[in-house]
Amino acid sequence: MSTIRCDIVSAEDEIFHGNVSLVVATGEMGELGIAPRHAPLITRLKPGYVRVVLENGESQEFYVSGGILEVQPQVISVLADTAIRTKDLDEAVARKAKEEAERALANRGQAMDVAEAQARLAEAVAQLQALERLRKNLKH
Amino acid sequence: MAGGREIKTKIKSVQNTRKVTRALEMVSASKIRKAQDRMRASRPYARLIRQLISHIGQANTDFVHPFLTQREETRRVGYIVVSSDRGLAGGLNSTLFRRLLADMKSWQDQGVEVDVVCIGQKATAFFRRLKVNLLGSVTHLGERPQLEQLVGVMSIMLDGYSEARLDRVFLCYNDFINTMAQKPRIDQLLPLPVEEALETRHDWDYIYEPDAETVLNQVLTRYVESLVYQAVLENLASEHAARMVAMKSASDNATKLIDTLNLSYNKARQAAITQEISEIVGGAAAV
């Protein structure tokens, strides 16, 4: 099985680097599955998870709250806005952020911008989904 | 022994000061390492994003982003000033501010107006007193600055530039060279200094989703953000290094002072004893 190098970095930290056989991410235009020898591509990422399948068939998941995915002939780079390992995600914090965003949406036009609140809401929902997926995987 | 007691209290107070400076020195010494680790951790991002920009530059030449084009006329410039939150760091902040003021003055002499945003309490306090346009500030970043904390002040400058209110944006911070040396720097942030293409030309183009402009816009914004973030980390490491050195010399000075005070205390004691003896002897001779 052919592999390709993959780097996942955020401004704060290097999240992952290694050879992978598949990268799955949520692009702005829809879900993407990128295998080696994919055509060069640049896309923005939506809040969600990035899954990489390693050479030995194991897969790892990382949560990103946005960013850029770049595919080149030799390397796939994910420039995550803030990528934390899915395991480290604090469910309570995600829920709290969601509540806060919802509250801010309720009183429109006040301190927080509506667009910002919507973005935070989408982010919180995606974090919760990533956590639920992780929990399901652990049960199996 | 009147002089003796005064000297004794003085010694006590210098000793207490030395305890504080020693503690600060050790705290900073341990924080430097962590700050350096964080500096290192953020480098891959900057490296990858720089690669990405050079690739886009090579692959797609018909679209030129405003962040990359020089403007003919400069009417108003912006500064992003990175400073520490706390003092007791030697001349770290004041050296930076001095250079900055000279730089600003040269712009003002040309009739160019100056806007400032501040990161860190020292800069905010400094520029609040001066007659400059302080557009925004963020303080109390702590030991682990997060990019999100900086987005507010950065977007003030980026928007200002995009909306053509500002023609140049500069970034001022202390560059961490090593523990003993930090260098104040004023770098031009926008328009981005054009770097020469590092690699040979490609004859392929990317598939852009949604389109080249949107993607390039985000990439460049992220790049500028990562530069500012890197500067904040450099400044943090510099702050700890400068504080460590300043506190070390303060501790050394305190030790020296204690030695001198001890000496004069002993002399005073000796003088008192001698005087007492000579008085007794004198008294005995008189009888």
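Chain letters run A, B, ... following the sequence lines, proteins first, then strands; residues in each count from 1.
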Inset, instruction - Could you walk me through whether B:R38 and A:D13 pass salt bridge (charged side-chain N to carboxylate O under 4.0 Å, His left out), step by step? - result: CA-CA 8 Å; B:R38 267 193 286 281; A:D13 215 346; over 6 Å; no
Legend entry - B:V219 and A:E70: CA distance, side-chain angles, deciding distance, side-chain contact (heavy atoms from CB on, under 4.5 Å) verdict: CA-CA 11 Å; B:V219 170; A:E70 184 205 16; over 6 Å; no
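Taking CZ of B:R144 as the start and CD of A:E12 as the end, the distance is 10.0 Å to the nearest 0.5 Å. Here CD of B:Q146 is found 9.0 Å from OG of A:S10. Values are rounded to the nearest 0.5 Å. Note: A:T43 OG1 to B:Y208 OH = 12.5 Å, rounded to the nearest 0.5 Å.
B:Q218 is listed as a side-chain neighbour of A:I68, based on a closest heavy-atom distance under 4.5 Å. Between A:I42 and B:L52, the closest side-chain pair of non-hydrogen atoms falls below 4.5 Å.
Residues from residues 40-48 of chain B that place a non-hydrogen atom less than 4.5 Å from a non-hydrogen atom of chain A comprise B:A41, B:S42, B:P44, B:Y45, B:L48, given in numerical order.
The ring-ring contact (aromatic ring centres under 6.0 Å, His included) test applied to B:Y173 returns no partner, not counting sequence neighbours. With sequence neighbours excluded, the residues forming a side chain to side chain donor-acceptor pair (under 3.5 Å) with B:E113 are B:R76, listed by chain and number. For B:F126, the ring-ring contact (aromatic ring centres under 6.0 Å, His included) partners at least two apart in sequence or on another chain are B:F97.
Other residues, nucleotides and ligands contribute only 12 or fewer heavy atoms inside 6.0 Å of the CZ atom of B:R86. Taking a 6.0 Å sphere around CD of B:E143, one finds it holds more than 12 heavy atoms contributed by other residues, nucleotides or ligands.
With chain B as the partner, the residue from A:R44, A:H17, A:M29 showing the most heavy-atom pairs under 4.5 Å is A:R44.
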